[in-house]
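Below is one structure, written out as structure tokens; comments come after it.
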Amino acid sequence: MNNTNTLLEKIARAKDLDFGTIFSDSIELFKKVWVQGLVILLLTMAFMLPFYLIMYVPLIAMGVMDPDSFNNGGEPNFVMLLPFYGLMIVFAFFASIISVGLKAAFFRICKQKDLNEGKSDDYLYFFKKPYLGKTCKVGAVSFLIIIASYLLCFFPVIYAMVPVTLINVIYAFNPDLSVSDLVKTGFKLGNKKWLITFGLMFVAGILASIVGMLMCFIGVFATSAFAYIPLYYIYKESIGFNETTAIDQIGLIEE
């Protein structure tokens, strides 16, 4: 298992990355994991559905109590809308936690398929012991970083989205690091590889959307996971994966 100093040293020594190579490798890996990516998306939607329903309860209640609130001539009562705005924040908070856990599991699956490890797909790996608490903390910190970036205006959000997404990848392969170390490492890698990471995320996202729309729009569900695969290769090429250590081998023998 990498410690923080080891990760930071690897990032400092990281080679220059080739945009074309990572992009083509991402396409090849997508062919192996598109089904898993679709499952991740469907699980995300399923987990968020109850929060969507809860979020709209205040609006439904307001419509029942004051039917004219949503008429063209009516102005919604701001005080009555406060619970809705509060639930929106809570919704975004839980969405961040769910996103961190499921995307970390997806990156873990990408590694298994890329390296032909032959392990079963565990979509809820980071929602189980001993990682559930850490997943909640990473999701909360990611949420707070983005909120702080929004409060500082638009451009800090563009900057922060790169290290925040890389925190997720680093967590997937180093779940025993503390949250502060994950943030430190994410920003270190994000600062060093910001331009190529942003470029790959942008181009992969656009391509996934275009191909999905060409597949009668519903194809977006199948192609959306492609936007995250370049992040896996950025981690792989910048930090890499440790070989199995003697301690790990002992653990495998005991199992």
Side-chain angles (χ1 to χ4, degrees), residues 2 7 10-41 43-44 96 99-117 121 123 125-126 138 142 145-146 149 157-175 182-183 185-215 219-241:
N2 287 313
L7 290 174
K10 288 182 176 181
I11 293 171
R13 301 194 306 265
K15 63 182 179 181
D16 292 336
L17 303 179
D18 184 79
F19 187 102
T21 300
I22 291 179
F23 195 78
S24 60
D25 287 345
S26 297
I27 293 175
E28 292 303 313
L29 182 57
F30 176 72
K31 296 175 184 178
K32 300 179 182 179
V33 300
W34 73 269
V35 173
Q36 288 80 4
L38 176 60
V39 172
I40 290 291
L41 177 61
L43 284 174
T44 302
S96 178
S99 176
V100 165
L102 290 177
K103 285 180 182 177
F106 178 66
F107 290 128
R108 186 170 176 268
I109 293 171
C110 286
K111 176 177 177 286
Q112 292 171 184
K113 301 300 182 183
D114 180 37
L115 304 182
N116 298 314
E117 293 180 348
D121 301 335
Y123 300 99
Y125 182 84
F126 292 96
V138 174
S142 299
I145 291 173
I146 293 299
S149 300
V157 177
I158 298 178
Y159 160 74
M161 65 182 293
V162 169
V164 167
T165 53
L166 290 173
I167 288 171
N168 208 158
V169 188
I170 295 168
Y171 173 53
F173 303 118
N174 304 273
L182 288 169
V183 172
T185 308
F187 274 85
K188 178 74 173 181
L189 181 58
N191 289 334
K192 188 174 181 64
K193 303 296 182 183
W194 192 93
L195 188 59
I196 189 171
T197 303
F198 180 82
L200 284 165
M201 289 171 58
F202 180 79
V203 174
I206 293 295
L207 181 62
S209 299
I210 292 175
V211 173
M213 287 188 289
L214 291 176
M215 298 168 64
V220 173
F221 290 98
T223 59
S224 61
F226 177 68
Y228 306 117
I229 296 179
L231 299 171
Y232 162 76
Y233 279 106
I234 289 171
Y235 178 93
K236 179 182 178 182
E237 298 299 324
S238 299
I239 297 176
F241 305 109

Determine yes or no for a side-chain-to-main-chain donor-acceptor pair under 3.5 angstrom, with Ser238 supplying the side chain and Tyr235 the backbone.
-> no
Any donor and acceptor pair, going by atom type alone, linking the side chain of Thr223 with main-chain N or O of Ala208 inside 3.5 Å?
->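 Side chain of Thr223 to backbone of Ala208: a pair is present.
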Assess whether ring pair (Phe, Tyr, Trp, His ring centres under 6.0 Å) is satisfied between Phe173 and Phe241, documenting all intermediate values.
-> CA-CA 8 Å; Phe173 303 118; Phe241 305 109; 4.9 Å; yes
Any idea which heavy atoms bring [X] and [Y] closest together, and the distance?
X      : Y      : result
Ala204 : Pro230 : CB-CG, 4.0 Å
Ser142 : Val164 : CB-CG1, 3.9 Å
Met161 : Met201 : CE-CE, 3.8 Å
Ile229 : Cys110 : CG1-SG, 4.5 Å
Ile40  : Leu102 : CD1-O, 3.4 Å
Ile167 : Ile145 : CD1-CD1, 4.5 Å

Between atom [atom1] of [X] and atom [atom2] of [Y], what is the distance when rounded to the nearest 0.5 Å?
X      : Y      : atom1 : atom2 : value
Ile11  : Lys188 : CD1   : NZ    : 7.5 Å
Thr165 : Ile170 : OG1   : CD1   : 9.5 Å
Leu17  : Leu200 : CG    : CG    : 8.5 Å
Phe107 : Leu231 : CZ    : CG    : 4.5 Å
Ser24  : Phe19  : OG    : CZ    : 10.5 Å
Asp16  : Lys192 : CG    : NZ    : 7.5 Å

With Glu117, the side chain to side chain donor-acceptor pair (under 3.5 Å) member among Gln112, Lys111, Arg108 |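 By the side chain to side chain donor-acceptor pair (under 3.5 Å) criterion, Glu117 pairs with just one of Gln112, Lys111, Arg108: Lys111.
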With heavy-atom distances below 4.5 Å as the criterion, would you say the side chains of [X] and [Y] are in contact?
X      : Y      : value
Leu7   : Asn174 : yes
Asp121 : Lys113 : yes
Leu166 : Phe187 : no

Do Asp114 and Tyr232 have side-chain N/O donor and acceptor atoms under 3.5 Å apart?
->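 Tyr232 and Asp114 do have a side-chain donor-acceptor pair below 3.5 Å.
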Taking everything shown except Leu115 itself, do over 12 heavy atoms lie less than 6.0 Å from its CG?
->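 Correct, the count exceeds 12.
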Geometric class of the Tyr159/Trp194 ring pair [parallel <30°, tilted 30-60°, perpendicular >60°] = parallel
Assign the ring pair Phe126 / Tyr171 to parallel, tilted or perpendicular, where the plane angle (0 to 90°) is split at 30° and 60°.
-> tilted
Checking side chain to side chain contact (heavy atoms under 4.5 Å, CB included) for the pair Tyr233/Leu29: CA distance, chi angles, key distance, verdict?
-> CA-CA 10 Å; Tyr233 279 106; Leu29 182 57; 3.6 Å; yes
Could you walk me through whether Leu182 and Val138 pass the side chain to side chain contact (heavy atoms under 4.5 Å, CB included) check?
-> CA-CA 8 Å; Leu182 288 169; Val138 174; 3.7 Å; yes
For the pair Phe106 and Val39, evaluate side chain to side chain contact (heavy atoms under 4.5 Å, CB included) and give the outcome as yes or no after the intermediate values.
-> CA-CA 10 Å; Phe106 178 66; Val39 172; over 6 Å; no
With side chain to side chain contact (heavy atoms under 4.5 Å, CB included) as the test, would you mind laying out the steps for Phe226 and Ile27 before giving the verdict?
-> CA-CA 8 Å; Phe226 177 68; Ile27 293 175; 3.8 Å; yes
Does the ring pair (Phe, Tyr, Trp, His ring centres under 6.0 Å) test come out yes or no for Tyr228 and Phe30, once each step is laid out?
-> CA-CA 10 Å; Tyr228 306 117; Phe30 176 72; over 10 Å; no
